[in-house]
Protein chains: 2
Amino acid sequence: MNTLSYGLLSFLSRSSCSGYDLMLQIQPFWPAKHSQIYPLLAQLEKDEYVQYEHISQSDKPDKKVYSLTDKGIEALREWLSEPASDPVMRDDLYLKVFCMSLVDSNTARNLFINRLQHYQQKKLKFDNKLPQLQCMTGLPPDEIPSFDSPFFGAYLLLQKAISVNDANIKWCEWALEQIASPAAEKRDSVE
Amino acid sequence: MNTLSYGLLSFLSRSSCSGYDLMLQIQPFWPAKHSQIYPLLAQLEKDEYVQYEHISQSDKPDKKVYSLTDKGIEALREWLSEPASDPVMRDDLYLKVFCMSLVDSNTARNLFINRLQHYQQKKLKFDNKLPQLQCMTGLPPDEIPSFDSPFFGAYLLLQKAISVNDANIKWCEWALEQIASPAAEKRDSVE
DNA sequence: GGAGGCATGTAACACGTTACATGATTTG
DNA sequence: CAAATCATGTAACGTGTTACATGCCTCC
């Protein structure tokens, strides 16, 4: 039982769904391809953490809809009682920043301009998801779902994603201010 | 040439050092064990991106001090001209949050209490490193190193780490407010 | 008619961790 | 006297990505 296996059980605790569906849902939280997920689901089924029902579809390919067994729920409960492991972040921008002085400031600036765009695109996505989530809760706007709400977890994680992303946007903008472009320097001295 | 290989070259661009040293330095930015680093260094040396000098030591074991070749520097320059890849984050807390409703609020709170402690420990480390870095630059306090300074990159990354970590601390504290503990509820109703 | 989505699976490869192996020196 | 640090390396294993494989349906 590795972390991804628990992740799959975790999403199945919210609603039964297919391996394909799980793959799409888990992406933002624990990147994984279908080639990794399908064999794990088969193993989880063999070990009786999940069970599946074969669903015939006419318009789309048939699918296996997985759901948690009691053993699966118990496994999740035990997993939740252990503290979370330290998060792991891998970002090659960190590594590039360390040797940035090897290139001119325009090349260095481009690294931050590209990354800033990345964070801004993420911001757009989050800004769309927030009212969407609010709507699903059925609560009046600006009211926070409670611990019992099935949307509580998603709400917490969206808030985290937004605040960290905003910090990253500010960081990129600040970094770009620190790296004056040669063009800007020329402009400054002319003006 | 994978990302870790470029990472090793990147750190060598700052100063020549041993594989052991590289392992220690690269940890916070791209977690890697010595068992992964030593073979990569051997490959980089074979491909002439780096070269090494055997240094005999009396008090400690001998070591190989690696340094960049011209080919290595050129490889770094090309790598820097390409945009950074999307960062990858893996955090099992995200997955646990999705199935939190399976356990009582105290068990859920513990997840955030543990994680909060983790972020607070990181904050202490960062708060120590900042004046240390300031000192190394030789600049007056609160002055920001410029793009040309060898400490510019480290300064940028430390600022990012601090701001993201602070956002995470606030998030944990806010989440804990949202998850009222049963004990707190009892207290509230008694008072 | 081609592209993309739905849906499942396997095989080969790349990347990362744990364990095995050695051995001197320093610190508690 | 045990544990930690410095220092290097290999082997086995676990995890993650890319590519191979199939097939139907819908939208442009």
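To find a chain, count down the sequence lines: A is the first, B the second, and so on, and within it residues start at 1.
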In whole angstroms, the gap separating P of C:dG9 from CE of A:M23 amounts to 12 Å
Checking D:dT17, C:dG9, D:dG16 against the side chain of A:K64 (C-beta onward), the nearest is C:dG9
Atom CG of B:L40 and atom C1' of D:dT8 are separated, to the nearest Å, by 15 Å
Rounded to whole Å, the NE2-C1' distance (B:H34 to C:dG16) equals 13 Å
**Message:** For a quick check of understanding: with a heavy-atom distance under 4.0 Å over all strands, which category does B:T3 fall into, base, sugar-phosphate or nothing?
**Reply:** nothing
Closest of C:dT17, D:dG23, D:dC6 to the A:P61 side chain is D:dG23
When B:V88 and B:S18 are each assigned the nearest nucleotide of DNA chain D, the 5'-most assignment goes to B:S18
From CD of A:E53 across to P of C:dT8 the rounded distance in Å is 13 Å
From the candidates D:dA7, D:dG9, C:dC6, the one with an atom nearest any side-chain atom of A:L24 is C:dC6
Item to complete: Please check the phosphate of C:dT8 (OP1 and OP2 only) for any side-chain N or O of A:Y20 closer than 4.0 Å.
Response: no
Practice prompt. Please determine, by modelled atom types, if B:Q43 and B:D47 share a side-chain donor-acceptor pair under 3.5 angstrom.
Written response: yes
With under 30° as parallel and over 60° as perpendicular, where do the rings of A:F29 and B:F98 fit, or are they tilted in between?
perpendicular
Sorted by position of nearest nucleotide on DNA chain D, 5' first, the leading residue of B:P39 and A:A32 is B:P39
Using a heavy-atom cut-off of under 4.0 Å over every strand shown, decide if A:K63 touches base, sugar-phosphate, or nothing.
sugar-phosphate
From CG of B:D62 across to C1' of C:dG23 the rounded distance in Å is 12 Å
Whole-Å distance, A:I26 CD1 to D:dT17 P, equals 12 Å
note: A:N2, atom CG; C:dG16, atom C1'; distance rounded to Å ~ 14 Å
A:Q36 CD to C:dG16 C1', in whole Å, measures 13 Å
So the salt bridge (charged side-chain N to carboxylate O under 4.0 Å, His left out) pairs with at least one residue in residues 91-104 of chain A (sequence neighbours excluded) are A:D91-A:R115
### Message
For C:dC6 and A:Q57 - does any side-chain N or O of the residue sit under 4.0 Å from the phosphate oxygens OP1/OP2?
### Response
no
- Message: Using modelled atom types and a 3.5 Å cut-off, is there a donor and acceptor pairing between side-chain atoms of A:T69 and backbone atoms of A:E48?
- Response: yes
- Under 4.0 Å: is that the gap between some side-chain N or O of B:K60 and OP1 or OP2 of C:dT26? no
For this session: Would you please indicate yes or no on a ring centroid separation below 6.0 angstrom for A:W171 and A:Y119?
Result: no
* Asked: Within the structure, does a side-chain N or O atom of A:Y38 lie under 4.0 Å from either OP1 or OP2 of C:dT8?
  -> yes
Side-chain contact check for B:S35: nearest option of C:dT17, C:dG16, D:dT17 is C:dT17
